[in-house]
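Index from 1, following the sequence. One-based numbering, in listed order, for ligands and for the atoms of each.
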Amino acid sequence: MSRRAAPRHALRVLSLDLDDTLWDVAPVIQGAEQALRDWLGQHCPRVTARYSPHGMRALRDRLNREHPERAHDLSWMRVRTLQIALEDCGYALSLAEDAFEVFLAARNRVSLHPDVLPALDALKRRYTLVALTNGNADLERIGLDRYFNHYLSARGVGAAKPDLRMFEAVGEATGHAPSEVLHVGDDPVRDVVGAARAGMVTAWVNRRGDPWPGDHPPPDTRVGDLLALTGWLFRAASQAR
Ligand SMILES: [Mg+2]
């Protein structure tokens with residue numbers, strides 16, 4: 001399938017993925033799960049005695065299978081998992097919210113890649129910026145809310161990328177056509193393939209230098225970090241003048 005991207009100088013909106021695009025998410029989730037486990041061990045020790053980390057994971061996987069209609073809502077999955085474990089061990093269900101808050105606080109202690117703040121500083125002067133995430137990162141807690149005009153999550157939209165509804169939500173929030181939107185993300189399918197299907201221009205943020213998976217149409221541009229993306233965009237803008 002070949003597709004002609006809209007010219008770069010026509011872009012008005014950047015929608016940005018968060019996890020693994022602005023920070024590495026695996027160590028963050030690992031730290032948050034450990035913080036949660038420490039809290040449970042202290043406040044609800046029968047839960048940690050009965051459920052190993054693997055056991056909690058299996059419980060969440062089971063919920064995922066039983067509730068495909070909530071699969072996009074990671075926060076619901078985690079709270080519901082905690083409720084089931086707490087109830088099973090004879091604790092009050094209300095403790096699930098306290099426990100989840102411990103998880104969330106740690107989940108939002110991310111280490112931004114060093115290119116992120118200088119790039120966002122430059123990009124926000126020229127574009128409407130939209131955060132478009134399948135996860136539950138909180139821009140305010142992270143201190144990034146001042147860069148973004150809109151925050152759209154799978155939880156709020158009711159579907160997860162690469163579902164078209166996520167990308168349509170960008171148009172609804174900003175009033176711009178898909179051809180005026182550049183979607184920026186690390187995931188070849190959820191970000192690049194999904195956004196291309198929605199008619200957006202696509203940028204693949206490939207921080208690890210991975211090969212592009214050959215069975216998918218390639219992105220309009222591939223960059224190693226967000227400053228490289230800024231260079232690509234601003235060169236186009238100056239050429240258009
Ligand atoms: Mg990502």
Does the side chain of Arg37 pick up a donor-acceptor pair with the side chain of Gln34 at under 3.5 Å? no
Does a side chain donor of either Tyr151 or Asp145 reach within less than 3.5 Å of an acceptor in the other side chain? no
Give the name of the N/O/S atom in Asp19 that lies closest to the Mg ion (ligand 1). O
Nearest to the Mg ion (ligand 1), which N, O or S atom of Asp186 do we find? OD1
Do Val184 and Thr202 come within less than 4.5 Å of each other through their side chains, counting heavy atoms only? no
Answer yes or no as to whether an N/O/S atom of Asp17 is found below 2.8 Å from the Mg ion (ligand 1). yes
Could you tabulate the donor-acceptor pairs under 3.5 Å formed by side-chain atoms of residues 70-77, not counting sequence neighbours?
{"from": "Asp73", "atom 1": "OD1", "to": "Ser75", "atom 2": "N", "distance (Å)": "3.4"}
{"from": "Asp73", "atom 1": "OD1", "to": "Trp76", "atom 2": "N", "distance (Å)": "3.1"}
{"from": "Asp73", "atom 1": "OD1", "to": "Arg155", "atom 2": "NE", "distance (Å)": "2.9"}
{"from": "Asp73", "atom 1": "OD2", "to": "Arg155", "atom 2": "NE", "distance (Å)": "3.1"}
{"from": "Ser75", "atom 1": "OG", "to": "Asn136", "atom 2": "ND2", "distance (Å)": "3.1"}

